[in-house]
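Worksheet for the structure shown next.
We name chains A, B, ... by the order of the sequence lines, and we start the count at 1 in each one.
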Protein chains: 2
Amino acid sequence: MASIKDVAAEAGVSVATVSRVLNDHPSVSDDARTRVLAAVDALGYRPNAVARSLRTDQTRTLGLVISDVMNPYFTELARSVEEEARTLGYSVIIGNADERPDLQDHHVRTLLDRRIDGLLVSPTDGGSPLMLDAARGGTPMVFVDRWIPGVDVPVVRSDGRGAVRDLVAHLHALGHRRLAIIAGPAATTTGRERVEAFREALQAHGLELPDAYTGQGDFQAESGRRVTEGFLDLPEPPEVVFAADNLMALGALDAVRARGLRIPQDIALAAFDDIPWFVHTDPPITAVAQPTGELGRAAVRALVDRIEGRPPQSVTLPARLVVRRSCGEQPASPESAPAQNRSQS
Amino acid sequence: MASIKDVAAEAGVSVATVSRVLNDHPSVSDDARTRVLAAVDALGYRPNAVARSLRTDQTRTLGLVISDVMNPYFTELARSVEEEARTLGYSVIIGNADERPDLQDHHVRTLLDRRIDGLLVSPTDGGSPLMLDAARGGTPMVFVDRWIPGVDVPVVRSDGRGAVRDLVAHLHALGHRRLAIIAGPAATTTGRERVEAFREALQAHGLELPDAYTGQGDFQAESGRRVTEGFLDLPEPPEVVFAADNLMALGALDAVRARGLRIPQDIALAAFDDIPWFVHTDPPITAVAQPTGELGRAAVRALVDRIEGRPPQSVTLPARLVVRRSCGEQPASPESAPAQNRSQS
DNA sequence: CTGAAAGCGCTTACAG
DNA sequence: CTGAAAGCGCTTACAG
């Protein structure tokens with residue numbers, strides 16, 4: 001592979017001059033520029049990003065560590081992150097933690113070893129020593145979706161409190177009184193917040209959230225199935241199951257189906273996170289939709305601000321309720337979803 | 001950030017010795033090793049992968065360029081690729097082409113600039129000059145899922161011919177005679193092969209595939225919707241629509257639903273690529289399932305073989321039919337899927 | 001405007 | 001077993 005030396009030789013100039021034309025340095029003669037460009041073309045030369053990074057101490061690369069790529073919510077997040085980063089001249093390297101703290105650490109370490117310019121993290125847990133060190137130790141960092149309390153790192157996330165209130169109001173209006181939740185891991189902020197928001201919304205209607213109706217999941221489908229089976233085995237099963245993410249909703253669906261029960265006649269189902277498939281499940285599923293793309297873009301902007309020396313800002317965007325048929329028919333509108341529903345588009 | 005020099009100073013040895021203990025070189029005294037390790041620990045030293053790569057001319061990194069991360073099939077492929085690569089001591093950087101040749105080239109170029117050790121590609125088109133140059137120009141490369149004919153690059157893919165034959169037999173047995181397909185882009189091998197396999201299978205039953213029943217899609221949901229609408233507008237609409245991937249099936253579902261038609265009573269639907277949601281759609285969708293994880297792992301093994309100087313091997317794995325209810329009830333088994341159906345697990 | 005030279009952080013023959 | 005030195009491919013003050 002041709003190096004800058006080969007180009008210099010071919011063009012009859014020094015490597016310094018080649019470097020200058022490659023980096024659009026103003027003080028290069030037209031003649032030199034022309035010859036260098038011709039040589040670059042002739043040799044099919046491409047600068048070695050590794051060497052450049054070593055010299056400039058920047059990689060123009062962002063690391064993104066997410067908890068689970070297979071979760072469509074995170075896939076979409078990753079996609080919007082890459083898009084915005086590309087617009088700003090950065091590449092992104094994705095590390096998939098698969099909800100495993102050890103894997104998360106593996107990726108953080110690898111990314112740090114590669115000297116990425118900044119790190120976007122949706123932490124799987126409360127923060128390993130490695131992660132905490134990185135956060136405090138000067139690595140530009142931004143939390144997205146989930147975050148770790150007590151660390152001075154900007155957070156870009158969405159607030160589902162209002163949407164969960166709307167959901168509970170909807171369920172209450174439909175006559176449901178025994179509501180259960182499949183929670184995410186307590187080690188994650190989203191795992192805790194969604195349960196709290198649910199509990200608070202219930203209280204506003206004078207309803208309790210008994211322990212028996214709080215199942216511990218891990219944001220993966222299998223746990224949704226397991227918890228739902230537990231609910232169905234109860235002497236008095238809940239009338240509604242609210243899954244704290246879309247994968248656990250998938251597991252819940254599996255469990256309900258395995259028993260031959262019907263949704264919403266036998267049991268109602270709602271989920272946090274909206275995905276295109278929820279329109280076509282049997283029945284279509286009522287969900288809390290996050291502004292995922294906006295979240296990813298805002299997170300990148302905050303991180304790049306931090307990297308480039310501008311003050312980064314935390315951002316909180318509201319989620320919203322998308323009503324479909326999985327909790328029972330709406331008295332008013334027979335339609336499955338509001339006009340604004342983006343997963344229908 | 002501490003460098004190897006700092007460690008050497010702290011341990012009272014030369015940087016050469018530090019490098020040796022870090023790389024498990026045998027000729028290092030126990031004493032030196034202990035002191036170096038202590039210094040590494042004290043300083044929290046982590047080797048700079050950028051510098052190491054520049055020196056050794058290898059990055060222990062694989063590039064993976066896929067056509068669309070949002071497609072669950074490719075997400076799963078990416079996940080299995082990363083897993084196998086990690087097992088073999090490699091990292092992977094994913095580039096998402098979004099079915100756009102220009103974006104694909106962008107990622108190939110970026111990856112090459114970073115001097116990745118090898119490239120895994122599922123090409124979006126017939127091969128840009130850049131891609132062709134890379135393939136011929138010595139970059140270790142393996143095609144996965146899709147490939148470019150006429151290039152000497154190993155291919156790891158699955159053969160859906162048998163499964164498509166099974167599908168058509170199934171449809172024929174159900175009494176369907178007017179079968180249509182939503183094809184993928186003709187510039188991709190999978191786009192062409194699935195249509196050919198379908199046509200051949202039809203011929204075996206004495207059926208034709210008229211042009212009006214061959215809609216041109218692009219593997220994205222929107223095209224599935226558009227093509228399906230065209231089919232439904234025909235004076236004599238097809239009895240079955242076969243979508244050449246799962247996203248176009250989603251679009252088809254949208255279109256059918258928008259017209260208020262029922263599946264399978266009004267029109268039957270089948271898809272290439274199986275995903276967990278197909279179990280829970282209304283109705284569950286009959287699909288051709290690829291051994292996605294195996295594909296990803298085999299592709300990595302082939303690429304690493306190539307990188308490390310062993311002869312790489314092309315691999316073709318069979319796909320299989322998963323019968324559900326979207327094409328009509330099975331006369332024999334009332335069950336929605338065979339026992340082996342992995343998307344039920 | 002241009003080039004010689006230093007240096008980024010490593011690894012690895014080479015000599016001892 | 002150990003260290004001094006070269007060199008990977010760049011960029012960038014510095015001097016002219």
By side chain to side chain donor-acceptor pair (under 3.5 Å) - contacts of [X] (at least two apart):
{"X": "A/Gln313", "value": "none"}
{"X": "B/Glu10", "value": "none"}
{"X": "B/Asp57", "value": "none"}
{"X": "B/Ser91", "value": "none"}

Practice item. With sequence neighbours left out, write down each residue that passes salt bridge (Lys or Arg N to Asp or Glu O under 4.0 Å) with A/Asp305, or none if nothing qualifies. Key: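 Testing A/Asp305 for salt bridge (Lys or Arg N to Asp or Glu O under 4.0 Å), a comparison that skips the adjacent residues, returns A/Arg310.
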Practice item. With sequence neighbours left out, write down each residue that passes salt bridge (Lys or Arg N to Asp or Glu O under 4.0 Å) with A/Arg136, or none if nothing qualifies. Key: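 A/Arg136: no salt bridge (Lys or Arg N to Asp or Glu O under 4.0 Å) contacts found.
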For nucleotides 5-9 of chain C, give me every protein contact, N/O to N/O, under 3.5 Å, one pair per line with atom names.
unit_1: C/dG7; atom_1: N2; unit_2: A/Arg55; atom_2: NH1; d: 3.2
unit_1: C/dG9; atom_1: N2; unit_2: B/Ala51; atom_2: O; d: 3.4

Exercise for review: Would you mind listing every side chain to side chain donor-acceptor pair (under 3.5 Å) that reaches into residues 118-131 of chain B, with sequence neighbours excluded?
Suggested key: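 Found B/Gln104-B/Thr124, B/Gln104-B/Asp125, B/Asp105-B/Ser128.
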Exercise for review: Enumerate the residue pairs fulfilling side chain to side chain donor-acceptor pair (under 3.5 Å) with a member in residues 38-54 of chain B, sequence neighbours excluded, ordered by first and then second residue.
Suggested key: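 Matches after skipping sequence neighbours: A/Asp113-B/Arg46.
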Point to revise | C/dC10 phosphate, OP1 or OP2, under 4.0 Å from B/Ser19 side-chain N/O | key: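 Answer is no, no contact under 4.0 Å.
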Point to revise | Short side-chain N/O contact from B/Thr17 to OP1 or OP2 of D/dG3, under 4.0 Å | key: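 Yes.
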Practice item. State, with a plain yes or no, whether a side-chain heavy atom of B/Arg192 is found less than 4.5 Å away from one of B/Pro149. Key: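 Counting from C-beta outward, B/Arg192 and B/Pro149 do come under 4.5 Å.
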Exercise for review: Taking only Lys NZ, Arg NE, NH1 and NH2, and the carboxylate oxygens of Asp or Glu, determine whether A/Glu99 and A/Arg146 approach each other closer than 4.0 Å.
Suggested key: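 Answer for the salt bridge query: yes.
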Check your understanding: Going by an N to O cut-off under 4.0 Å, is there a salt bridge joining A/Glu76 and A/Arg79?
Key ->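 No, this pair does not count.
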Write down the protein N/O and nucleotide N/O pairs, taken from nucleotides 14-16 of chain D, whose separation is under 3.5 Å; answer none if there are no such pairs.
none

Exercise for review: Check whether the side chains of B/Thr61 and A/Arg114 place a donor and an acceptor atom closer than 3.5 Å, and report yes or no.
Suggested key: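 Yes - a donor-acceptor pair under 3.5 Å links their side chains.
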Exercise for review: Counting Watson-Crick and G-U wobble pairs whose two distances are both under 3.5 Å, find the runs of 3 or more in a row that involve DNA chain C.
Suggested key: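 Stem list for DNA chain C: C:1-3 with D:14-16, C:5-12 with D:5-12, C:14-16 with D:1-3.
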Check your understanding: When the C1' atoms of C/dT12 and C/dG16 are considered, how many whole Å apart are they?
Key ->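 These two C1' atoms come out 16 Å apart once rounded.
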Exercise for review: Using atom types as modelled and distance alone, determine if a side-chain donor or acceptor of A/Asp218 lies under 3.5 Å from a backbone N or O of A/Pro185.
Suggested key: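 Pair absent, no side-chain N/O of A/Asp218 close to backbone of A/Pro185.
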Review point. Using a heavy-atom distance cut-off of less than 4.0 Å, which residues of residues 22-44 of chain B contact DNA chain C?
Key: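 Going residue by residue through residues 22-44 of chain B, the ones with a heavy atom under 4.0 Å of DNA chain C turn out to be B/Asn23.
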Check your understanding: What is the distance, rounded to the nearest whole Å, between atom CZ of B/Arg46 and atom P of C/dC10?
Key ->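 Rounding to the nearest Å, CZ of B/Arg46 and P of C/dC10 are 11 Å apart.
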**Study point:** Distance in angstrom units between A/Gln58 CD and D/dT11 P, rounded
**Key:**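 For the pair A/Gln58 CD and D/dT11 P, the rounded distance is 11 Å.
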